[in-house]
Novice: 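Below is one structure. I have some questions about it.
Here is how names work: the chains are called A, B, and so on, in the same order as the sequence lines, proteins then strands, and each is numbered from 1.
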Amino acid sequence: MTKNLVIVESPAKAKTIGGFLGSDFTVKSCMGHIADLSKKDLGVDVEKGFEPNYIVSPDKKKIVGELKKLAHDSDFIWLASDEDREGEAIAWHLMETLGLKKESTRRIAFHEITKTAILEAIANPRELDMNLVDAQQARRILDRLVGFELSPLLWKKIKPSLSAGRVQSVAVRLIVEREDEIRNFTAVSSYRISGDFVVHDGKKLKTLNAELNKRFQTKEEALNFLKQCMDVQYTVEDVETRPARKSPAPPFTTSTLQQEASRKLGFSVANTMRVAQELYESGKITYMRTDSVNLSDMAIAMAKKEVTATFGEEYVKTRKYATKTKGAQEAHEAIRPTYLSNKSIEGDRSGKRLYDLIWKRTIASQMADAELEKTNVTIGITGKTEKFVARGEVIRFDGFLKVYMESSDEDSTEGQEGVLPPLKTGEKLLLSIMTAQQKFTQQPYRYTEAALVKKLEELGIGRPSTYAPTISTIQKREYVVKEERPGVQRSYDFISLKDKKISEEVRNETVGNEKGKLFPTDIGGLVTGFLVQNFDNIMDYNFTATVEEEFDVIAEGKLAWKDMLKEFYFPFHEKIEGAMENTKRVKGEKLLGTDPATGLNIYVKIGRFGPMAQLGESDAEEKPRFSALKKGQSIDTISLEETLDLFKLPRVVGDFEGTEVLVSAGKFGPYVKHKSAFYSLPASDDPLSVNLARTIEIIELKRHADIKKVIREYPEDADIKVLNGRYGPYIAFKKENYKIPRGKTAADLTYDDVKAIMAANEPTKSKSKKKK
DNA sequence: CAGTGAGCGAGCTTCCGCTTGACTT
């Protein structure tokens, strides 16, 4: 019997495919890339024509060992990584790392996980496409060069530990520039005239809302118009109906799933991916990292059957969708339920809701258009050229709307969009009320996480597997924050005409209330400004698209990857060196005003540890005082008063047990200090006004909690304690912690038990010591 | 865990794209 080893990228895929193939096939997954550039240094020898230094990724050593063994015992090895640039490189790294021989190795690829597709792939193996591999190497090395040369420049010129890269820096730029647009935006107002008319519909009276086809720029004009309408007649001049159609949206890709889960379910991008991963691993949906809107023939057939059975034949319309996305590689199907006959699934609430969304979107994509009838009614006013217009929309055939309608990021348009009462040309209408409302132009929208993903995808920046990590990176680096910010009150004029009487009032509305939107931080703005000024090419929104074109030429075998890198790298590297030499440290320093108490100048700027305020001159004889800005404060928007408050800490609130009680603010927020012990101040207490009695209360509360925290202590060794932690009981010994094995009750542990556990186990690693 | 902000210098940070668990005090 011939032994075959098939290597795919994901374990869930391996399981499915294993079921399709006979017992002479072993299917294993390699878990994505197994090798990468060394992280110790640049990982690329620029002098030697960009020679890459690949090493097996530390977390893949084990799996590579297993694969080596399996490969050794097999007659044929089938490399079935994805059919795209990265997949080809994975196959090549497998070939090299496992030491596979050309004669016994086959490269196969499929775009959907169906039995037919797999068998067809096995019947049509090919050789590795080294041009495609070279395109991947160019992509990988370019990203490394950009990231590992730009980042150290930022450490030197702005702040340590910052980062920059082809994808993340442009993502931040989008947020920074949107905020600039909003800051520079001035709302312009105009007056919208709206009329409610009374219409007889059989025996019932109905209201018809119509809007004037002209807006007035000033209150006087609007008021004047209403006055002139006191003694006029309204006549229906035209009733126009026309048919319209709506088509369903294509099946989900990663990006559209993230957008709709955000809009309809309020999921963050990371949450969507976590839930989707669970659905995928349990076999409920197809692969969730995809840029393809394509459905397999089998899926379309399932959808057809499902729609026919549930809604009837007239609701079926099968469709093949084409991807329009820039740089799409289409190695997988669209995201869809594995079995469309499963309308719902078992599981937790998030999983059920996301599955429901995917099921509906997939089914709707294979359903008939909705047929609508749109009606426009024009109402004339005697002696006036302006007309009132009413719009209505009636669904004649719901089609896919029965199941699913895509949401939009923008607010829904105002006005009546339902059924209009029956109207005839020439019919006279009675006005019940006419209003003139001051309306303001809207500032540009801030990005949500999902809206940013959409924008990145449009620009061809990033891949389905990196959207969520990118969004998380730019927040982790504190370039942007996801926040809720309250809106501001704005007043507007509201004038009405009713029963030939005009009344004027000023009403209030809240505008600009933002929830879960991305805002740039001071650092984000500073880094973006610095990069745009010095590396305009990389920060250009078309940079990725431009290099992608070159990667494509490499993939076609018409350009050597090292030549491409040469063209890019040397001018880039020169700019790095130039900026290293010739630019000053970027501080964003701003003189805010003077302290009334001392007459000293107050500055705000970015220090080595982030945004800070400074009281006094840096070069003065008396050293200036410093204070870090609080979370949520920005050097752009902070006021002088808020800055002065920062210097009111630390303050002594009084004496307790013969020792001073101090209130201050540290890295982790405001705290109380007493006898070299620290007590966090709850958010409800204001560090500037909290009194001695309250701080004593806080101290005693913590002391009490600490007593409860200790489950056991031992007279034999005061350093050993059994404590109650966030994740249950554990053993604490100096700075080291030990897990308590299953089956043991913490309170019953004797000194000898504890000693035995400590001897038999390694202490748990703390995050501060070892990073992931 | 609880501020730091001069200057020196050791030793650290960092990219994008493929993939999952292991683990957190």
Novice: Can you tell me if A:Lys15 has over 12 outside heavy atoms packed within less than 6.0 Å of its NZ?
Specialist: no
Novice: Could you run through DNA chain B and flag its stems, i.e. three or more consecutive Watson-Crick or G-U pairs with both distances under 3.5 Å?
Specialist: none
Novice: Select base, sugar-phosphate, or nothing to describe what A:Ala164 touches, counting heavy atoms under 4.0 Å on all strands.
Specialist: sugar-phosphate
Novice: Would you call A:Arg694 and A:Asp686 a salt bridge, using N to O less than 4.0 angstrom?
Specialist: no
Novice: Just checking A:Arg477: base, sugar-phosphate only, or nothing, at a heavy-atom cut-off of under 4.0 Å?
Specialist: sugar-phosphate
Novice: Pick the C1' atom in B:dG3 and in B:dT24, then give their distance to the nearest Å.
Specialist: 26 Å
Novice: Cation-pi check for A:Tyr479 against A:Arg477: NZ or CZ below 6.0 Å from the six-membered ring centre and within 45 degrees of the axis, yes or no?
Specialist: no
Novice: Between B:dC12 atom P and A:Arg608 atom CZ, what is the distance in whole Å?
Specialist: 18 Å
Novice: Using whole Å, report how far CD1 of A:Ile576 lies from C1' of B:dC15.
Specialist: 12 Å
Novice: Indicate whether OP1 or OP2 belonging to B:dC15 is found under 4.0 Å from a side-chain N or O atom of A:Gln168.
Specialist: yes
Novice: Which atom pairs link the protein and nucleotides 17-20 of chain B when you take only N or O atoms and keep those under 3.5 Å?
Specialist:
residue	atom	partner	partner atom	Å
B:dG17	OP1	A:Arg166	NH2	2.8
B:dG17	OP2	A:Thr466	OG1	2.9
B:dG17	O4'	A:Arg139	NH2	3.3
B:dC18	OP1	A:Arg463	NE	3.4
B:dC18	OP2	A:Ser465	OG	2.8
B:dC18	O3'	A:Glu9	OE1	3.3
B:dC18	O2	A:His33	N	2.6
B:dT19	OP1	A:Tyr287	OH	2.2
B:dT19	OP2	A:Tyr287	OH	2.5
B:dT19	OP2	A:Arg289	NE	2.8
B:dT19	O5'	A:Tyr287	OH	3.3
B:dT20	OP1	A:Ser10	OG	2.8
B:dT20	OP2	A:Gln277	NE2	3.1
B:dT20	OP2	A:Arg289	NH2	2.8

Novice: Between B:dA6 atom P and A:Lys623 atom NZ, what is the distance in whole Å?
Specialist: 8 Å
Novice: Considering heavy-atom distances to DNA chain B, does A:Gly165 or A:Pro611 have its closest nucleotide positioned more toward the 5' end?
Specialist: A:Pro611
Novice: In whole Å, I'd like the distance from the NE2 atom of A:His93 to the P atom of B:dC16.
Specialist: 18 Å
Novice: With DNA chain B as reference, determine whether A:Lys159 or A:Ser169 sits nearer its 5' end, using the nearest nucleotide of each.
Specialist: A:Lys159
Novice: In terms of ring plane angle, is the pair A:His33 and A:His93 parallel, tilted or perpendicular, where the classes change at 30° and 60°?
Specialist: perpendicular
Novice: Strictly below 4.0 Å, N to O, side chains only: are A:Arg85 and A:Glu548 in salt-bridge contact?
Specialist: yes
Novice: Report the residues that fulfil ring-ring contact (aromatic ring centres under 6.0 Å, His included) with A:Phe678, sequence neighbours left out, ordered by chain and then residue number.
Specialist: A:Tyr671
Novice: Among residues at least two apart in sequence or on other chains, which ones pass side-chain hydrogen bond (donor to acceptor under 3.5 Å, both in side chains) with A:Arg712?
Specialist: none
Novice: Rounded to whole Å, how long is the line connecting atom CD1 of A:Ile523 with atom C1' of B:dT13?
Specialist: 14 Å
Novice: Determine whether any donor atom in the side chain of A:Ser680 lies under 3.5 Å from an acceptor atom in the base of B:dA2, or the reverse, and answer yes or no.
Specialist: yes
Novice: Expressed in whole Å, how much space separates the C1' atoms belonging to B:dG5 and B:dT25?
Specialist: 32 Å
Novice: Could you state the atom-to-atom distance from CG of A:Leu629 to P of B:dG3 in whole Å?
Specialist: 17 Å
Novice: Is the base of B:dT13 stacked against the aromatic ring of A:Trp155, taking ring centres under 5.5 Å apart and planes under 30° as the test?
Specialist: yes
Novice: Run the salt bridge (charged side-chain N to carboxylate O under 4.0 Å, His left out) check on A:Asp129 and A:Arg107 step by step: do they pass?
Specialist: CA-CA 9 Å; A:Asp129 181 350; A:Arg107 167 76 171 124; over 6 Å; no
Novice: Tell me every residue that passes side-chain hydrogen bond (donor to acceptor under 3.5 Å, both in side chains) with A:Thr546, counting only those two or more places apart in sequence or in another chain.
Specialist: none
Novice: Stacking check: are the rings of A:Phe148 and B:dC15 less than 5.5 Å apart at their centres and under 30 degrees in tilt?
Specialist: no
Novice: Contact class for A:Gly616 (heavy atom, under 4.0 Å): base, sugar-phosphate, or nothing?
Specialist: nothing
Novice: Would you tell me if any nitrogen or oxygen in the side chain of A:Tyr679 comes within less than 4.0 Å of OP1 or OP2 on B:dA2?
Specialist: no
Novice: Using a cut-off of 4.0 Å on non-hydrogen atoms, how would the nucleic acid contact of A:Ser163 be classed: base, sugar-phosphate, or nothing?
Specialist: sugar-phosphate
Novice: Given atom CG of A:Leu145 and atom C1' of B:dT14, what is their separation to the nearest angstrom?
Specialist: 13 Å
Novice: Take the protein atom CD1 of A:Ile474 and the nucleotide atom P of B:dC15, then report the distance between them rounded to whole Å.
Specialist: 12 Å
Novice: Honestly, is A:Arg173 close enough over A:Tyr541, meaning NZ or CZ under 6.0 Å from the six-membered ring centre and within 45° of the axis?
Specialist: yes
Novice: A:Tyr569: what forms a ring-ring contact (aromatic ring centres under 6.0 Å, His included) with it, not counting sequence neighbours?
Specialist: A:Phe50, A:His573
